[in-house]
Amino acid sequence: MPCSSISAATGGGSDNGSLRNFKLNESTFLASLMPKKEIGADRFVEDHPEYDGRGVVIAIFDTGVDPAAAGLQVTSDGKPKILDVLDCTGSGDIDTSNVVKADANGSIRGASGASLTINTSWKNPSGDWHVGCKLVYELFTNTLTSRLKKERKKKWDERNQEEIANAVKIVDEFDQKHAKVEDTDLKKTREDLQNRVDLLRKQADNYDDRGPIIDAVVWHDGEVWRVALDTQSLEDDPNCGKLAEFEPLTNYRIERKFGIFSKLDACTFVVNVYDDGNILSIVTDSSPHGTHVAGIATAFHPEEPLLNGVAPGAQLISCKIGDTRLVSMETGTGLIRALIAAVEHKCDLINMSFGEPTMLPDYGRFVDLANEVINKHRLVFISSAGNSGPALSTVGAPGGTTSSIIGVGAYVSPAMAAGAHAVVEPPSEGLEYTWSSRGPTADGDLGVCISAPGAAIAPVPTWTLQCRMLMNGTSMASPSACGGVALLISAMKAEGIPVSPYTVRKALENTCLPIGSLPEDKLTTGQGLMQVDKAYEYIKLSQNIPCVWYQVKISQSGKSTPTSRGIYLREASYCTRSTEWTVQIEPNFHEDANNLEDLVPFEECIELHSTDKAVVRAPEYLLLTHNGRSFNIVVDPSNLSSGLHYYEVYGVDCKSPWRGPLFRIPVTITKPAVVVSRPPVVTYSRMSFQPGHIERRYIEVPFGSTWVEATMRTSEFDTTRRFYVDTVQLCPLQRPIKWESAVMFSSPAAKSFAFPVVGGHTMELTVAQFWSSGIGSNEATSVDFEVAYIVFHGIDINKEEVILDGSEAPVRIDAEALLALEELAPVATLNKMRVPYRPVESKLRALPSMRDKLPSGKQILALTLTYKFKLEDGAELKPYIPLLNNRMYDTKFESQFYMIWDVNKRVHALGDVYPKSSKLPKGEYTLQLYLRHDDVQYLEKMKHLVLFMERNLEEKDVMRLNFFSQPDGPVMGNGSYNSSVLIPGKKEAIYLGPPTKDKLPKNSQPGSVLVGAISYGKVSNAGQDNGKSPSKNPASYQISYIVPPNKVEEEKGKVSSSRCTKSVSERLQEEVRDAKIKFLGTLKHGNDEEKLEWKNLLTQLKSEYPKHTPLLARILEYLLSQSDVKDKIHHNRKIIDGADEVINSIDRDELAKYFAFKSDPEDEDAENIKKKMETTRDQLAEALYQKGLAVAEIEFVSQEKASAKATTEGSEDVDASGDVPVQTPGVPPNLFEENFAELKKWVDVKSSKYGTLLVIREQRHGRLGTALKVLNDMIQEDGDPPKRKLFELKLTLVEEIGWSHLLRYEREWMHVRFPACLPLF
């Protein structure tokens, strides 16, 4: 995610450090909004005005950059600022593979179904027009969409109120005209008028704006691909936004032109065409974040130079990695495509202000490719360290965890605090922001390389309706550093100095201005605040020195694995004795290095230094050649006090000591305090806090502890104080286990917390007063931090994850309290169900686009897996893929993305590595999972990947499991267990019973897994919910139940006891007849030969069984299934005849008599007769229903023909209005009404199955309000996915009534419910 926040929050050098009595004037205020002085960038540009980033290209990996934003049009030397704008995520991709030709009038049919007029001046030698469409809200951010919805609803409400007023007026006029309504027709008319009023009012309550749709047209003009959009749906004026008036665009990098959808949204977009016109990418930003970042790095404001970015002469390309569909979350696809684009555009720098936690530092697919880009193509990669501080080991991937990437922490100066943050009184010295992530990484690397200003008021996109805004975060520090490096590279290129990321990084790290005076401050700030001018002097001195990166690999002596990049002694067992470590230093050259000229001559005499030889001892010298060298160091922390200690071993070139450290070996020791008291209580009293002050405590969590209860008390302060309270533990192959809380104290008070811990591992407790909290107050805050009562609680169990195998046997759980008396009060619930699925189809293909071709030349492959599932009722669910989920950077797989859609192709859910639950209505669904990699072997192994659909059970279906004190408890029903007190050192066994089979969810299938949580102890400050929900307990564990096979039906295999009066011969004839009819239904009738065979068999069966209702019903089904009908009147007459045959084959009097009496449900013969009679009734009702539809269709077609004829001949004879239906030759005038009356005898004509006929009847009588009400009720009651015919009928009714605003609204919704095609991945 982006490492920033949009903020107007208050919150902290000067001459890059200390500055007391700081005062602002206008110029220093403006300068503070875009900080450059802190890193020496202003001094550097003043001394070297030509080296302001000119000749440098930066790739901005972010949410997208708005080319219309302030300061992002040109560079300081007049060149285009933005060279290319790319959507690497694919969130703006449109399928334009559908090719159409223009008709004689120069019009084409758009993908949305709209008729589009082509501009006659557009060149298109082939005459091929690629068409596609997109719901415009899918291109916008949530913020912009919310603004548009608000503005559009205001206009819609105004129009709707007008229509309501008109409808109410008509009702009033009717009431005045008819004082007393007794006539049936008048009553229905009055009801119809009132229904119109009610419908409009209800529509206002149910208004849900899903946005308009835009049509896109792509063509080749003989030279380049061109794009035009039809945006009429965005405009109030029907003459605006027409396709023909659009100024065609081409790929941004060719002409560098952009468009704006409409004045209302003010949203800039660019286009790119891929795959020979078959894919159109409309690029919009997914957040203001990317434009803000670009502005910090490169903005140029000639009218106000103080607001310039750090490198106003630099150019950039925008690589959007934040997917709009995922609310700007980065995706693997976006990241890899961005790397490809950076190499293709020959960029010098990459800035990436994104990051995520990781369990494996310096590992993963993206890291591998980034290393290749850096080492082979010499790009300098700069990234944010993260905003998860102030605890240690909180740096995120990739910026804080990847060796080849420069990770940047966030610094705030007094000038920034006073100007950008507008605090009452700025801090006296610069400091790191409280939330800036800290090192070291889990494998001991420093984590943060350097620091830079972490806030700015910088340009933002035009759709925000402002020029610039304040944001803070390491996201802002990274482009500040990136801009500074752009200045260096600009100078290096101008001076002919070879550009290498190795040289640049060494210059930055060895010329930083330290922040803070303690050695351990490096874990917060890296080497310190970068200084551009000093780094440039270093680079000039180093230009003839080989470009080398010194890779450090460390392992404990005697062990080859695991290797690390630093020494991190965190656990108590390592902090009480000396340990020896083997360090391997490997000089790495760029791939184009010459063996004879660069590698063979390389030899350096290295002097090794330790910052404290009493703790860390190392050899004094080392001779280093290209093949590397190893040496041992000894770390002895045994005499250290508890707490944080930081040391370094670094190597200096004996011949050129001015170069500073060539490599550093970080040694971090967090020696924990041991809790010896029983019960275990830890108290920290009278800790004094000033703004930005941080207190860290390290505790060895006693074995057996599973949760902590803590209380924080504050005193002795006046103004409101804000604190961060964090705890962190590190466990192998896990992301850091972090608990955090931001607490506010408006007055002295106490706050309590409860959080989980892992026994036997060191816990860091960090309490920090927010950097700007309490500024202006002369009083320090006094804090007592204690674990109230019993600090460490724990119930040790023999099973962390409990699995019930589906049998009737309970699971035995042994529980023991190791620390103190604990109440054993187990609670277990099952609240989710996971159903496994295998793909029904898998497709592997090479991606055709150049944007998916790696710098190495390999083409990326895509594997698409298709899964099918069905929901019998609505549910909240998400896909769960154990192999892939919850890993973004620490995975060797490149990318994953999924979409879930219904039978209408409407996408209901989508996601990537972090799937989220979505509410899905009843119906059948398809899920496609899209996986990418360049190695076909990896993808081949995934073709049968098991995927779980995880369903959240409704509250009524959540199962609370029972505990027993005896193993036979679940079966015998005795020995129920509630709670007891555990005595330290004494184990107690309990038994967890499986859920009873009758309590299982009705849709649970054999092999499904029910999942939930189990807890064992009680939290003293948990409140009323204590013990009810184990998932809310700080120490809870997963529990699973495997659904067993279904029980064998008791009736299965039993011989039917029903009496049969028919002979064997009669029964055989019936079986043969039914088999023939069944076989008839299996025959295809696609081509003429198949149709002939079908008709021949039909004729034969009809002659044999002329009055057999099931056969006649099957014939009617066939007639209804025909789609290629030319003469609709003739076809519908055949349907009427077929329906009549079904109707006449049924003895309706006999059928009516039967349903007049109730049958005995326990009588098997009676039940069989009932089923048969119900089937007959349904066949009768279906025949009547289809007959009514056919009659209505004949009348409608006849009316259309008569209207067309009247129009042609100028006749006024045809009256298509009023209650009298159009007379149609061959159809009796009252046939529809007579048929409808008959249907009403047998079924509820308002039901969703038959209601369409009632709607048509009301429409025929001009009662459109009633017709629309009935139709809306049908749609509401219909639990299946929406049926297109019903909504098309709704459009017809709304159009007839004349509600144009509602018609437009419903047409927009048609594109949501029934999209033209599936979106692209």
Side-chain angles (χ1 to χ4, degrees), residues 2-42 69-71 288-289 291-299 301 304-312 353 384 387 408-436 451-460 464 466-484 515 529-530 691-692 722 770-776:
C3 299
S4 70
S5 64
I6 300 174
S7 171
T10 59
S14 69
D15 217 342
N16 309 332
S18 176
L19 181 59
R20 300 184 185 278
N21 302 317
F22 181 82
K23 298 294 182 183
L24 285 177
N25 55 38
E26 182 181 355
S27 62
T28 55
F29 167 71
L30 290 174
S32 73
L33 305 184
M34 187 68 82
K36 298 180 280 291
K37 185 176 182 179
E38 288 79 355
I39 61 173
D42 59 341
H289 189 271
T291 301
H292 196 273
V293 164
I296 292 173
T298 71
H301 299 281
E304 187 50 80
L306 288 174
L307 295 178
N308 281 350
V310 181
S353 295
S384 51
N387 301 333
V408 187
Y411 167 87
V412 59
S413 69
M416 294 166 60
H421 289 285
V423 299
V424 173
E425 182 180 327
S428 59
E429 296 181 338
L431 70 161
E432 209 80 357
Y433 281 99
T434 311
W435 36 253
S436 188
S451 290
I457 295 182
V460 287
T464 63
Q466 61 188 99
C467 287
R468 50 184 64 86
M469 69 171 62
L470 170 66
M471 293 189 195
N472 51 216
T474 54
S475 280
M476 284 62 252
S478 183
S480 179
C482 184
I515 306 171
L529 187 63
M530 70 176 288
R722 182 183 180 188
F770 194 68
W771 74 271
S772 63
S773 176
I775 281 182

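Nothing here was measured: the structure is a model prediction, and the numbers come from that model.
When side chains are defined from C-beta on, E38 counts as touching M416, because their heavy atoms get closer than 4.5 Å. By the 4.5 Å heavy-atom criterion applied to side chains, E429 and S413 are not counted as neighbours. Within the 4.5 Å cutoff, the side chain of E432 has heavy atoms near those of the I515 side chain. Put simply, the side chain of P459 reaches to within 4.5 Å of the side chain of H301, judged on heavy atoms. Proximity of V408 to S451: side-chain heavy atoms (C-beta onward) are nowhere separated by under 4.5 Å. Residues I39 and P453 form a side-chain contact, since some pair of their non-hydrogen atoms from C-beta on lies under 4.5 Å apart.
For the pair K36 (side chain) and S480 (backbone), a donor-acceptor distance under 3.5 Å is absent.
In this structure, OG1 on T291 lies 8.0 Å from CE on M471, to the nearest 0.5 angstrom. Taking OG1 of T464 as the reference point, atom NE2 of H292 lies at 10.5 Å (rounded to 0.5 Å). From T28, atom OG1 reaches atom CG of N25 across 3.5 Å, with rounding to the nearest 0.5 Å. Annotation: the span from N308 atom CG to D42 atom CG amounts to 12.0 Å, rounded to 0.5 Å.
In the model, S353 has no side-chain atom that pairs as donor or acceptor with a side-chain atom of H289 under 3.5 Å.
Looking at residues two or more places apart in sequence or on another chain, you find a side chain to side chain contact (heavy atoms under 4.5 Å, CB included) between S32 and F29, A415. Every residue meeting the side chain to side chain contact (heavy atoms under 4.5 Å, CB included) condition with P691, not counting sequence neighbours, appears here in chain and number order: Q769, I775. S478 is linked by a side-chain hydrogen bond (donor to acceptor under 3.5 Å, both in side chains) to N351, counting only residues two or more places apart in sequence or in another chain. In terms of the side-chain hydrogen bond (donor to acceptor under 3.5 Å, both in side chains) criterion, T298 has no residue partners (sequence neighbours excluded).
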side-chain contact (heavy atoms from CB on, under 4.5 Å) evaluation trace for N472 with H421: CA-CA 9 Å; N472 51 216; H421 289 285; 3.2 Å; yes

side-chain contact (heavy atoms from CB on, under 4.5 Å) evaluation trace for R722 with T434: CA-CA 11 Å; R722 182 183 180 188; T434 311; over 6 Å; no

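Taking each heavy atom of G692 and L431 in turn, the nearest pair found is CA-CD1, 3.9 Å. Between G409 and S436, the shortest heavy-atom distance links the atoms CA-OG, 3.6 Å. Across M476 and V293, no two heavy atoms sit closer than the pair CE-CG2, 4.0 Å. Residues A452 and L529 approach most closely at CA-CD1, 4.0 Å, considering heavy atoms. Minimum heavy-atom separation, A455 to Y433: CB-OH, 3.1 Å. Shown here for A417 and P426, the closest heavy-atom pair between the two residues is CB-CB, 4.1 Å.
Applying side chain to side chain contact (heavy atoms under 4.5 Å, CB included) to M34 and the options I296, V310, L306 leaves one that passes, I296.
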